[in-house]
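What follows is a short report on a single structure.
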Amino acid sequence: LTTVEKFKFARYIIISPNPEDDVMGYMERWAKNSGLLHYPGYTPRMIGWDFPFVSEEQKEQYGLRGYVAAYIIPEEFEPACGGAELGYQETDHYAKITVTDPFEKITGAYGKIYEFAKERHIIARSYKDRICMEEVFIKDGVTYMDVYVPVDNG
């Protein structure tokens, strides 16, 4: 269990057959063009999560899915260009799991977190204004993913 403090983000949503790669590429270009990558003292952190507001027709007939990518940005940062929605995620409590081989194990990671939360009676009663999120990082040449799911304090 962990608490994630309130943070400011810049996000973009793409609905496509391959939304994760599409939106991450878009946000990488945005970060470069906005000046974020040259902001003094900034270390890039991108998070992402599924965007569930895709119609049944889009899913079934066209194989489309939605994904959100967001950079966590400094409070004072003002982008030099548009193209990403700025917002805040409020302080929240999360169950978190770290996996290696994230693209193979992501579904199982969510399942383990939900099982953990259910056993402890902390499963979220509401997800309004709350996000499940994923953050990929590389440490010592190994790719990891932290998966966060909001939980209630019980």
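- Considering only residues two or more places apart in sequence or on other chains, E119 meets the salt bridge (Lys or Arg N to Asp or Glu O under 4.0 Å) condition with none of them.
- Note on I14 and L86: same hydrophobic cluster, where clusters join Ile, Leu, Val, Met, Phe, Trp and Tyr whose side-chain heavy atoms are under 4.5 Å apart, directly or indirectly.
- Closest approach of Y94 and P150 over heavy atoms only: CD2-N, 3.5 Å.
- Across all their heavy atoms, F77 and S34 have their closest contact at CZ-O, 3.4 Å.
- Within the 3.5 Å criterion, the main-chain N or O of K96 finds no donor-acceptor partner in the side chain of D146.
- Contact check for L36 versus P44: no side-chain heavy atoms found under the 4.5 Å cut-off.
- Residues Y62 and I13 fall within the same hydrophobic cluster, defined by Ile, Leu, Val, Met, Phe, Trp and Tyr side chains chained together at heavy-atom separations under 4.5 Å.
- Using a distance-only test at 3.5 Å, with no hydrogens or angles considered, a donor-acceptor pair links the side chain of T91 to the main chain of K6.
- Checking side-chain atoms of Y127 against main-chain N and O of C132 turns up no donor-acceptor pair under 3.5 Å.
- Of all the heavy atoms in F53 and I15, the pair that sits closest is O-CD1, 4.2 Å.
- Side-chain atoms of K8 come within 3.5 Å of backbone atoms of E75 as a donor-acceptor pair (strictly under, hydrogens ignored).
- Atom CE of M24 sits about 10.5 Å away from atom CG of D22, to the nearest 0.5 Å.
- When every heavy atom of M27 is checked against every heavy atom of A10, the shortest pair comes out as CE-O, 3.3 Å.
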Open item on the list: Could you walk me through whether V68 and I131 satisfy the side chain to side chain contact (heavy atoms under 4.5 Å, CB included) test, starting with their C-alpha distance in whole Å, then the side-chain angles of each, then the deciding distance to 0.1 Å, before giving a yes or no?
Closed with: CA-CA 11 Å; V68 181; I131 57 172; over 6 Å; no
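- A pairwise comparison of heavy atoms in L64 and V54 identifies O-CG1, 3.9 Å as the closest pair.
- Between atom CE of residue M145 and atom CD1 of residue I97 there is a gap of 12.0 Å, rounded to the nearest 0.5 Å.
- One finds the CG atom of D92 at 4.0 Å from the CZ atom of R130 (value rounded to the nearest 0.5 Å).
- There is a path of hydrophobic side-chain contacts, each under 4.5 Å, that joins W30 to Y67.
- Taking hydrophobic clusters as Ile, Leu, Val, Met, Phe, Trp and Tyr residues chained together by side-chain heavy-atom distances below 4.5 Å, V99 does not share a cluster with I47.
- Salt bridge present: E56 and K59 bring a charged side-chain N and a carboxylate O closer than 4.0 Å.
- Using cut-offs of 30° and 60° for the angle between ring planes, the Y12 and Y26 rings count as parallel.
- For the atom pair CD (Q89) and CD (E5), the distance works out to 12.5 Å, reported to the nearest 0.5 Å.
- Distance CZ/R65 to CZ/F51: 13.5 Å, rounded to 0.5 Å.
- Ring-plane geometry between F137 and Y144 is classed as parallel, the angle between the planes falling under 30 degrees on a 0 to 90 degree scale with a further cut at 60.
- Hydrophobic clustering keeps M133 apart from V136 (ILVMFWY residues linked when any side-chain heavy atoms are closer than 4.5 Å, directly or through intermediates).
- Between M46 and the options E134, E28, E135, a side-chain contact (heavy atoms from CB on, under 4.5 Å) holds for only E28.
- For the residue pair D50 and P52, the shortest heavy atom distance occurs at O-CD, 3.4 Å.
- Note that the CD1 atom of I138 and the OG1 atom of T143 stand 4.0 Å from one another [nearest 0.5 Å].
- When I123, L1, V151 are each tested for a side-chain contact (heavy atoms from CB on, under 4.5 Å) with F116, only one passes: L1.
- The main-chain N or O of F7 is never found under 3.5 Å from a side-chain atom of E90 such that the two would form a donor-acceptor pair.
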